[in-house]
Amino acid sequence: MAPQSFFTVLIVDDDANMRNIINRMLVRMGNFEVLEAPDGERGWDILTTSLVDLVISDWDMPKLSGLDFLRKVRADERLSRMRFILLTGMATRESILEAIEARVTNYIVKPFSQKDFTEIVSKSLGL
């Protein structure tokens, strides 16, 4: 089977500027269709109605935090293997362990560079 060359990524972040930054970084990487949601609840709606290869979600959001969104995804049999990256400004040992326990695919600590972002997204997608 040939490697997948086009991916759909769902960006979930309550900060429109951050969604725009991530979108631009994905465009620079190439071959991505980008869907966006302002919070975990809307992200969940998109995930249950669209084919998505990767979720990139902020941790700290109203309505449904990124960690709770991840837990909801992992609890759903249809989505439990979804590749999921958490963005966080909370790089404490405890928060990272909490994300690992929730079976996050990877995490990115803010602020981050294009290089770091590209490496983590590529690794998460098995590129």
Side-chain angles (χ1 to χ4, degrees):
M1 187 158 129
Q4 185 172 346
S5 60
F6 183 81
F7 297 93
T8 301
V9 178
L10 171 61
I11 303 168
V12 184
D13 199 311
D14 58 317
D15 182 341
N17 289 327
M18 184 56 76
R19 289 194 312 269
N20 189 33
I21 289 167
I22 295 167
N23 194 332
R24 285 194 321 256
M25 288 183 165
L26 288 167
V27 166
R28 284 185 206 117
M29 291 177 67
N31 295 335
F32 289 97
E33 176 185 357
V34 178
L35 305 173
E36 295 185 18
D39 59 62
E41 287 181 357
R42 181 67 186 116
W44 178 256
D45 292 342
I46 292 170
L47 264 188
T48 57
T49 59
S50 304
L51 293 174
V52 173
D53 298 297
L54 171 68
V55 174
I56 300 174
S57 176
D58 186 30
W59 186 307
D60 187 23
M61 295 183 294
K63 296 185 183 178
L64 186 64
S65 74
L67 185 62
D68 289 338
F69 181 36
L70 170 62
R71 288 179 175 140
K72 189 170 183 171
V73 168
R74 293 293 181 247
D76 187 296
E77 187 176 302
R78 300 165 297 149
L79 302 171
S80 65
R81 297 173 54 94
M82 173 68 56
R83 292 168 276 203
F84 200 110
I85 297 173
L86 274 173
L87 302 176
T88 182
M90 303 180 292
T92 65
R93 184 176 189 277
E94 293 79 20
S95 63
I96 292 169
L97 287 174
E98 195 173 18
I100 291 169
E101 287 174 10
R103 298 184 4 243
V104 72
T105 305
N106 220 319
Y107 61 90
I108 301 174
V109 179
K110 296 177 194 175
F112 49 88
S113 67
Q114 176 77 48
K115 179 180 179 281
D116 293 338
F117 180 82
T118 299
E119 286 177 10
I120 291 171
V121 169
S122 296
K123 180 180 176 184
S124 298
L125 291 170
L127 303 176

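Values in this document were obtained by computation on a predicted structure and should not be read as measured data. Just so you know, residue 1 is the first one in the sequence shown, and it goes up from there.
- Separation of atoms CD (Glu94) and CD (Glu101) is listed at 11.0 Å; rounding is to 0.5 Å.
- Here the side chain of Arg83 pairs no donor or acceptor atom with the backbone of Ile56 at under 3.5 angstrom.
- Taking both residues in full, the closest heavy atoms of Gly43 and Ala37 are given as N-CB, 3.5 Å, listed atom of the first, atom of the second, then distance.
- Hydrophobic clustering, with ILVMFWY side chains joined whenever heavy atoms are under 4.5 angstrom apart, keeps Ile21 apart from Val27.
- Residues Pro62 and Asp14 form a side-chain contact, since some pair of their non-hydrogen atoms from C-beta on lies under 4.5 Å apart.
- By the 4.0 Å N-to-carboxylate-O rule, Lys110 lies close enough to Asp58 to be salt-bridged with it.
- No side-chain heavy atom of Pro38 sits less than 4.5 Å from a side-chain heavy atom of Lys63.
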Applying side-chain contact (heavy atoms from CB on, under 4.5 Å), run through Val55 and Phe69 and close with a yes or a no.
CA-CA 10 Å; Val55 174; Phe69 181 36; 3.9 Å; yes

Is there a side-chain contact (heavy atoms from CB on, under 4.5 Å) between Ser95 and Tyr107? Walk through the geometry before answering.
CA-CA 11 Å; Ser95 63; Tyr107 61 90; over 6 Å; no

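- Residues Leu125 and Phe32 have side chains in contact (heavy-atom distance under 4.5 Å, counting atoms from C-beta outward).
- For Glu33, there are no salt bridge (Lys or Arg N to Asp or Glu O under 4.0 Å) partners at least two apart in sequence or on another chain.
- Under the side chain to side chain donor-acceptor pair (under 3.5 Å) criterion, Asp116 pairs with Ser113, sequence neighbours left out.
- The number of heavy atoms from other shown groups lying within 6.0 Å of CZ (Arg81) does not exceed 12.
- Across all non-hydrogen atoms, the minimal contact from Phe84 to Gly66 is CZ-O, 3.9 Å.
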side-chain contact (heavy atoms from CB on, under 4.5 Å) assessment of Thr8 paired with Leu51:
CA-CA 7 Å; Thr8 301; Leu51 293 174; 6.0 Å; no

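- Around the CD1 atom of Ile100, the shell of radius 6.0 Å holds more than 12 heavy atoms that belong to other residues, nucleotides or ligands.
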Trace of the side-chain contact (heavy atoms from CB on, under 4.5 Å) decision for Leu87 with Phe112:
CA-CA 10 Å; Leu87 302 176; Phe112 49 88; 4.0 Å; yes

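- Rounding to the nearest 0.5 Å places CG of Leu35 at 12.0 Å from CZ of Arg19.
- The CG atom of Asp13 sits 11.5 Å away from the CG atom of Asn20 when rounded to the nearest 0.5 Å.
- Residue pairs meeting the side chain to side chain donor-acceptor pair (under 3.5 Å) criterion with at least one partner in residues 39-51, sequence neighbours excluded, do not occur; the list is empty.
- Considering all non-hydrogen atoms of both residues, Ala99 and Leu70 come closest at O-CD2, 4.2 Å.
- Rounding to the nearest 0.5 angstrom, the gap separating the CZ atom in Phe117 from the CD1 atom in Ile85 is 6.5 Å.
- By the 4.5 Å heavy-atom criterion applied to side chains, Phe7 and Met29 are not counted as neighbours.
- Distance CG/Leu54 to CD1/Ile11: 9.5 Å, rounded to 0.5 Å.
- At least one side-chain heavy atom of Asp68 sits under 4.5 Å from a side-chain heavy atom of Arg71.
- A salt bridge is absent between Lys123 and Glu119; no separation between the charged side-chain nitrogens and carboxylate oxygens falls under 4.0 Å.
- Here the closest heavy-atom approach between residue Asn23 and residue Glu36 is recorded as ND2-OE2, 3.0 Å.
- Taken from CG in Asp53 to OG in Ser124, the straight-line distance is 12.0 Å, to the nearest 0.5 Å.
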